[in-house]
Amino acid sequence: MSALTKDQIADLLESIAQMLELKGENVFKIRAYTNAARAIETYSGDLAKAAGENRLAEISGVGKAIADKLTELIVTGHLMYYENLKAEFPPGIFEMFDLQGIGPKKIKALWEKLNVTTIAELEKACKDGRVAALSGFGKKTSDNILAAIQSRAKHAGRFRLGEIAKDAERMLEELRGLPDVLQACVAGSYRRNKEVVGDLDFIVATNSPAEVSEFFVKHEMVESVIANGATKSSVRLKSGIQADLRVIKNTEFPFALNYFTGSKEHNIIMRQRALARGWTLNEYRLGPLENSKSEPPPPIHEERDLYRALGLDYVEPELREDRGEFAAAEKHTLPDLIEKENLRGTFHNHTTASDGRNTLAEMVEAAQELGLQYLGIADHSKASFQAHGLDADRLLAQVAEIRELNKTFGGDFKIFAGSEVDITKEGALDFPDEVLAQLDYCVVSVHNVFNLTEAEMTKRIIKAIENPYVTMLGHLTGRLLLSREAYQVDHAAVIEAAAATGTIIELNANPRRLDMDWRWWPLAKEKGVKCAINPDAHSTSHLQYLHFGIGIARKGWLTRADVVNTLPLGKIEAVLQAKRNAKK
DNA sequence: GCCGTTTTCGGCCCGACTGTTTTCAGTCG
């Protein structure tokens, strides 16, 4: 059998935590398993190796007991403790954890008292009144459970950032426009630029909380009101996403903004750092601990002051994931993250020649309007027949057309002629080298045969990027967020090969892809692999996707220097040629 | 179950809202 991935191991630990919750175990023991799952997920070393050398307990958050269990799991592929625990519960019961408003205690009561073990049975029990009659429950709880079941069926509770950005920005703008609003911001995973978000968190500083809350819950985008208290309101928007509003005083704004931006893991460490200094931190203030003899904390006017007070450089929201930002902020080695304004051009864009909706001329005009200096055209190759892929004749005709068009720009704009070349199942390319040699650059991508083993897929991609004419690798994993799983591929091995061959890796900025994932960019950067942020635009409006790509690049700790399309005309050409020149 | 400038026991981040119950448990973030 193939080795377990870190994510699979982390999932198993999470699953243990969930089962311990159902058993009503000590909450700190449960947290220990959750923490360990988190530690495994973010561990940068080789787990199998660490297990072999008996070093798992060296990982912070993994002690002796969990280290022993992990060793058993890694060595044998099984964990008796987990198997035994799992046998105690009906298999369908875990899906009930997905429902908003019920947790382990209620799930346990439903199971023990009503013998409800699946969501389908739960729905029935709500409808025939058995849930409402249960002690500790009631009519409202029963109704809320039914609503949660329907909501889950409809939305699954997760949304791509790119698709709810419009709602978020509109609500924010209108909140900021209210006369009583002093400051407003969207916090949460939206502010951290996560690729997928579960809800929207609006933070508003005001002296008129009731008026602001009323505006929020009665907004025309709102479908239903979930909660409406003095400081917190929750609604479901018509788009399906849940939105929360926190109203606070102006002096509390930096604390609320920081707290609700998260991540939860980041917050815990912030609070621990406050405690270590004799202070307590919450969403309203940084204050002295009771009976503490420490100096009182300094005044805080904005988030930056808070980080300084805790001995840290300012941490950009995208980096607040407890993935090394605290160590870097202490040592003043946080990266100077790339900004939207740094982009000078982009590659991987389609036209009507393959499956794009706009012509070459229209795409050029749109790129110029965005202030870009250059635009790379990479239409599909012939193997992607479903996308009207170009054969060599059509491609070379397009190259000639681009060369002619370039003469009209007088040097202040340039189209680069490229192609998005299919990688065959065997790792060969869809065009021979003689054709590729006539292009300015070439993107290679996998578009079919997704079901290879990880080893086969990795070999396929590495073989493709070993070709000296391949400038960059397109959407590494082929994932479509929330709709299609990534195919199996060894990221670290591909990054290694990209470093060895001088191949650029694309950060596909289409909000459905955002691929390569942000979690892998720090490794790519460490290995010296460059990034190209590409919108994979199939229409002029898709060029706007670059914005989402910047967010993910920032999340991946990338600076201007790590991203090739920040280079101006005059410098970018040499980068596109570097790999094929090196092989000559 | 983890961890240690409070160091091998005793704490572990902290507050808001809802619903059911009548002073608080459960859930969420």
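Bear in mind the structure is a predicted one, so any value in this text is a computation, not a measurement. So you know, we letter chains A, B, ... as the sequences are listed, proteins then strands, and number each from 1.
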Quick one: label [X] by what it contacts on the DNA or RNA (base, sugar-phosphate, nothing), any heavy atom closer than 4.0 Å.
X	value
A:V27	nothing
A:S60	sugar-phosphate
A:N144	sugar-phosphate
A:N35	nothing
A:A230	sugar-phosphate
A:K108	nothing

In residues 227-235 of chain A, what donor-acceptor pairs under 3.5 Å come from side-chain atoms, sequence neighbours left out?
residue	atom	partner	partner atom	Å
A:N228	OD1	A:S233	OG	3.0
A:S234	OG	A:D244	OD1	2.7

Between [atom2] of [N] and [atom1] of [X], the distance in whole Å:
X	N	atom1	atom2	result
A:E25	B:dC2	CD	C1'	14 Å
A:N267	B:dG15	CG	C1'	12 Å
A:L275	B:dC14	CG	C1'	10 Å
A:L245	B:dC17	CG	P	11 Å
A:H266	B:dC13	NE2	P	16 Å
A:K140	B:dG19	NZ	P	5 Å
A:Y284	B:dG15	OH	C1'	6 Å
A:Y82	B:dG1	OH	C1'	19 Å

Applying side-chain hydrogen bond (donor to acceptor under 3.5 Å, both in side chains), name anything that partners [X], two or more places apart in sequence or on another chain.
X	result
A:N144	none
A:E454	none
A:E339	none
A:K6	none

For the [atom1] atoms, the ones on [N] and on [M], what distance do you get once it is rounded to whole angstrom?
N	M	atom1	answer
B:dG11	B:dA16	C1'	24 Å
B:dC28	B:dC13	C1'	14 Å
B:dG15	B:dC9	C1'	28 Å
B:dT20	B:dA25	C1'	9 Å
B:dC3	B:dT8	P	16 Å
B:dC12	B:dT18	P	28 Å

Looking at A:Q8, I'd like to know if its CD atom is crowded, meaning that more than 12 non-hydrogen atoms belonging to other residues, nucleotides or ligands lie closer than 6.0 Å.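 Counting neighbours around CD of A:Q8, more than 12 heavy atoms of other residues, nucleotides or ligands fall under 6.0 Å, so yes.
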For the side chain of A:Q272, starting at C-beta, report the closest nucleotide among B:dC13, B:dC17, B:dG1.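 Minimum distance to the A:Q272 side chain belongs to B:dC13.
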As a test of reading the structure: which of B:dC14, B:dA16, B:dG1 is closest to the side chain of A:R271, going by heavy atoms?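 Closest nucleotide to the A:R271 side chain: B:dC14.
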Once each nucleotide of nucleotides 21-29 of chain B is scored for protein heavy atoms under 4.0 Å, what B/S/- sequence comes out, 5' to 3'? S----SSSB
So, A:N258 side chain and A:P254 main chain: donor-acceptor pair closer than 3.5 Å or not?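 No.
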Considering Watson-Crick and G-U wobble pairs with both distances under 3.5 Å, what does B:dT8 pair with?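 Per the H-bond distance test, none.
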Non-neighbouring partners of A:F326 that pass ring-ring contact (aromatic ring centres under 6.0 Å, His included), sequence neighbours left out: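 ring-ring contact (aromatic ring centres under 6.0 Å, His included) check on A:F326 returns A:H266.
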On DNA chain B, does the nearest nucleotide to A:K29 precede the nearest nucleotide to A:I268 from the 5' side, or the other way round? Give the residue.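 It is A:K29 whose nearest nucleotide is closer to the 5' end.
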With DNA chain B as reference, determine whether A:T280 or A:T141 sits nearer its 5' end, using the nearest nucleotide of each.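 It is A:T280, whose closest nucleotide lies nearer the 5' terminus.
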Tell me, which of residues 185-196 of chain A have any heavy atom that sits under 4.0 Å from an atom in DNA chain B?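 Residues of residues 185-196 of chain A that come under 4.0 Å of DNA chain B do not exist, since none gets that close.
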Of all pairs that satisfy side chain to side chain donor-acceptor pair (under 3.5 Å), the ones with a partner from residues 174-184 of chain A, not counting sequence neighbours: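 Found A:R170-A:E174, A:E174-A:H219, A:Q183-A:N250.
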Salt bridge check: are A:K124 and A:D128 linked by an N-O gap of less than 4.0 Å?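 No.
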Would you mind checking if A:R192 and A:E321 are paired as a salt bridge, meaning a charged N to carboxylate O distance below 4.0 Å?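 Looking at A:E321 and A:R192, the cut-off is met.
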